[in-house]
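One structure below.
In this text, all values refer to a predicted model and were calculated from it rather than measured experimentally. Chain letters run A, B, ... following the sequence lines, proteins first, then strands; residues in each count from 1.
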Number of protein chains: 2
Amino acid sequence: MPLSRARIIAAAARVADRGGLDSVSMRTVAKELDVEAMSLYHHVTNKDALLDGLADWVAAQFYRPKTDVGWRVEMTKRANSLRAVLSSHPWGLGMIESRSNAGDALLRHHDAVLGSLLTVFPLRMAAHAFSILDAYIYGFVLTEVNLPFAPGEGHENEMAEQLVPDMAGLPHLRRMATELMATGEYSFTAEFEAGLDLILDGLERHTGGSRSEGTS
Amino acid sequence: MPLSRARIIAAAARVADRGGLDSVSMRTVAKELDVEAMSLYHHVTNKDALLDGLADWVAAQFYRPKTDVGWRVEMTKRANSLRAVLSSHPWGLGMIESRSNAGDALLRHHDAVLGSLLTVFPLRMAAHAFSILDAYIYGFVLTEVNLPFAPGEGHENEMAEQLVPDMAGLPHLRRMATELMATGEYSFTAEFEAGLDLILDGLERHTGGSRSEGTS
DNA sequence: ACCTGAACACCGTTCAAGT
DNA sequence: ACCTGAACACCGTTCAAGT
């Protein structure tokens, strides 16, 4: 099978999944393909172009909202999709955000999100909704993927126990760790959905419609 | 003046402000201090420790909410402070989030935020508020600092003009660029505050209090 | 105790050479 | 047309040597 841009990007994604973004070098990606580093330059102009491709590879997996379905359901599906994709590729968010020019897949994704919002919101309000949803999702995922453990697997209490010893002089954090996280009452998924619903509720007040499409 | 951990971190911040995080190397930081690279190792154990110090240097500048003032005013001040600090040091957010163990300054900041929220919310609701505010602020700043231009200086229309040509097949983004951004009606600061207020309004409904401390 | 220079194993990338 | 090896200017870091 000959080398190609697509194969190189897929190989880079595998290397990043395995060892983090820092482990992606022209030499490690080449090794993944049983080829010399210099061979890659015949298919990608340089490492920056490879990273652009990697960002696009991630964005292509984001769910694109449809316009013939209720906006709230679509925004929820979209939010969960981003969280899922970026959780399984923790390097993805940094990759997407650090590229100075958005790739095609990301632009198409954003266009689809905006299209769904425009089915119920006037332009300016749709822009507000777009901005707040994007910020919330990215921000939540940003902290989640950088946690020193894998969330969503019941490790919340372990984390709390790890952290408590260092919490002299931090009374409120200590309280949260002992009374909430250590008791198993805390779940990142529930937290994500609660925040999302608060935002969607706030937005819905500006549609003039009733709360017909709630998700909970 | 002798070398010290603090001087090294301050020099690293200057290098990062000037040339981005990628330009921070043991050799460039040493040169900033007119010293050899190896001298740094007598004051920081390795580059990772230097980056930990850099993250702490940023977090130390975040405004810490007080408990004897209204929570809404404090949360707004805190949000604006984070945006201001992270805008003037665009490498700061990535720095803070990529450290696997939070530094002391960041923990103290978080403790202060939680303390303010606990003056009006029960623990679980305070945790929700903490999570959603952090996610929103980080997410908004994340996209803002990675824009290919400096926002808040009226460059919004320039951006729109740059982007429009490539927008074949992206009808909704094109519409937003031409009808909203290019007309000068769009402002990142206004957008940030609108989203923040929507979230604070949503949270306020859970305090049982009236909207007495509004900021607009 | 603090600073340094050479050295080692890595980077991204250029260039001339192979097929 | 595609792949390669040597080379260059960089990295972080170790270690022995200087003061």
Side-chain angles (χ1 to χ4, degrees), chain A residues 1-57 90-92 94-101 103 146, chain B residues 1-57 90-92 94-101 103 146:
Chain A
M1 190 160 36
L3 224 44
S4 71
R5 189 183 147 86
R7 280 190 69 213
I8 290 170
I9 289 164
R14 259 176 282 136
V15 172
D17 281 343
R18 204 187 305 133
L21 196 59
D22 286 348
S23 73
V24 175
S25 78
M26 298 306 271
R27 285 165 167 95
T28 55
V29 173
K31 190 166 287 173
E32 176 78 15
L33 293 162
D34 275 316
V35 96
E36 296 300 315
M38 294 322 303
S39 310
L40 306 181
Y41 284 86
H42 289 275
H43 302 91
V44 293
T45 59
N46 53 24
K47 190 183 181 184
D48 224 54
L50 199 168
L51 296 182
D52 282 339
L54 217 38
D56 219 51
W57 182 89
W91 44 270
M95 201 66 275
I96 283 174
E97 283 300 322
S98 65
R99 305 286 87 200
S100 50
N101 287 309
N146 286 306
Chain B
M1 191 162 34
L3 224 46
S4 70
R5 190 184 147 86
R7 280 191 69 215
I8 290 170
I9 288 164
R14 259 176 283 136
V15 172
D17 280 343
R18 203 186 307 133
L21 195 59
D22 286 348
S23 72
V24 176
S25 77
M26 298 306 271
R27 285 166 169 94
T28 57
V29 173
K31 189 165 289 172
E32 175 79 13
L33 292 162
D34 274 317
V35 96
E36 295 301 315
M38 294 322 302
S39 309
L40 306 183
Y41 284 86
H42 289 275
H43 302 91
V44 292
T45 60
N46 54 25
K47 190 183 181 183
D48 225 53
L50 200 169
L51 296 182
D52 282 339
L54 217 39
D56 220 49
W57 182 90
W91 44 270
M95 201 67 275
I96 284 173
E97 283 299 322
S98 65
R99 305 287 86 199
S100 50
N101 287 309
N146 286 307

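- The base of D/dC2 has none of its N or O atoms less than 3.5 Å from a complementary donor or acceptor on the side chain of A/H42.
- Considering all non-hydrogen atoms of both residues, B/L21 and B/W91 come closest at CB-CB, 4.0 Å.
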Task: side-chain contact (heavy atoms from CB on, under 4.5 Å) between B/L33 and B/R7, intermediate numbers included - done: CA-CA 8 Å; B/L33 292 162; B/R7 280 191 69 215; 3.6 Å; yes

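- Residue A/S4 is classed as having no contact, given no heavy-atom separation below 4.0 Å to the nucleic acid.
- The residue among A/D34 and A/R27 whose nearest nucleotide of DNA chain D lies closer to the 5′ end is A/D34.
- At whole-Å resolution of the value, CG in A/L33 and P in D/dT4 are 11 Å apart.
- In this structure, the CG atom of A/L40 is 9 Å from the P atom of D/dC3, given to the nearest Å.
- At whole-Å resolution of the value, CD in B/E36 and C1' in C/dC3 are 9 Å apart.
- Between B/L40 and B/A30 the shortest heavy-atom distance is CD1-N, 4.0 Å.
- Secondary structure note: stems in DNA chain D built from 3 or more consecutive Watson-Crick or G-U wobble pairs under 3.5 Å occupy C:4-8 with D:12-16, C:12-16 with D:4-8.
- A close approach under 4.0 Å does not occur between any side-chain nitrogen or oxygen of A/S39 and OP1 or OP2 of D/dC2.
- In this structure, CZ of B/R7 is placed 14 Å from C1' of C/dC2, rounded to the nearest angstrom.
- Atom C1' of nucleotide C/dT4 and atom OH of B/Y41 are separated by 14 Å, given to the nearest angstrom.
- Taking each heavy atom of A/V29 and A/V15 in turn, the nearest pair found is CA-CG2, 4.4 Å.
- Among the heavy atoms of the strands, none lies under 4.0 Å from B/T45.
- At least one side-chain nitrogen or oxygen of B/S25 sits closer than 4.0 Å to the OP1 or OP2 atom of D/dC11.
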Task: Working for side-chain contact (heavy atoms from CB on, under 4.5 Å), residues A/R18 and A/R14 - done: CA-CA 6 Å; A/R18 204 187 305 133; A/R14 259 176 282 136; 4.3 Å; yes

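- Under a 3.5 Å cut-off, the side chain of A/R99 and the backbone N or O of A/D48 do form a donor-acceptor pair.
- Taking both residues in full, the closest heavy atoms of A/I8 and A/L50 are given as CG2-CD1, 4.0 Å, listed atom of the first, atom of the second, then distance.
- The distance from atom NZ of A/K47 to atom C1' of C/dT13 is 12 Å, rounded to the nearest whole Å.
- Between the CG atom of A/L50 and the P atom of C/dC11 there is a distance of 14 Å, rounded to whole Å.
- A straight line from NZ of A/K31 to C1' of C/dC10 spans 11 Å, rounded to a whole angstrom.
- The 5' end of DNA chain D is approached more closely, in terms of each residue's nearest nucleotide, by A/M38 than by the other of A/M38 and B/N46.
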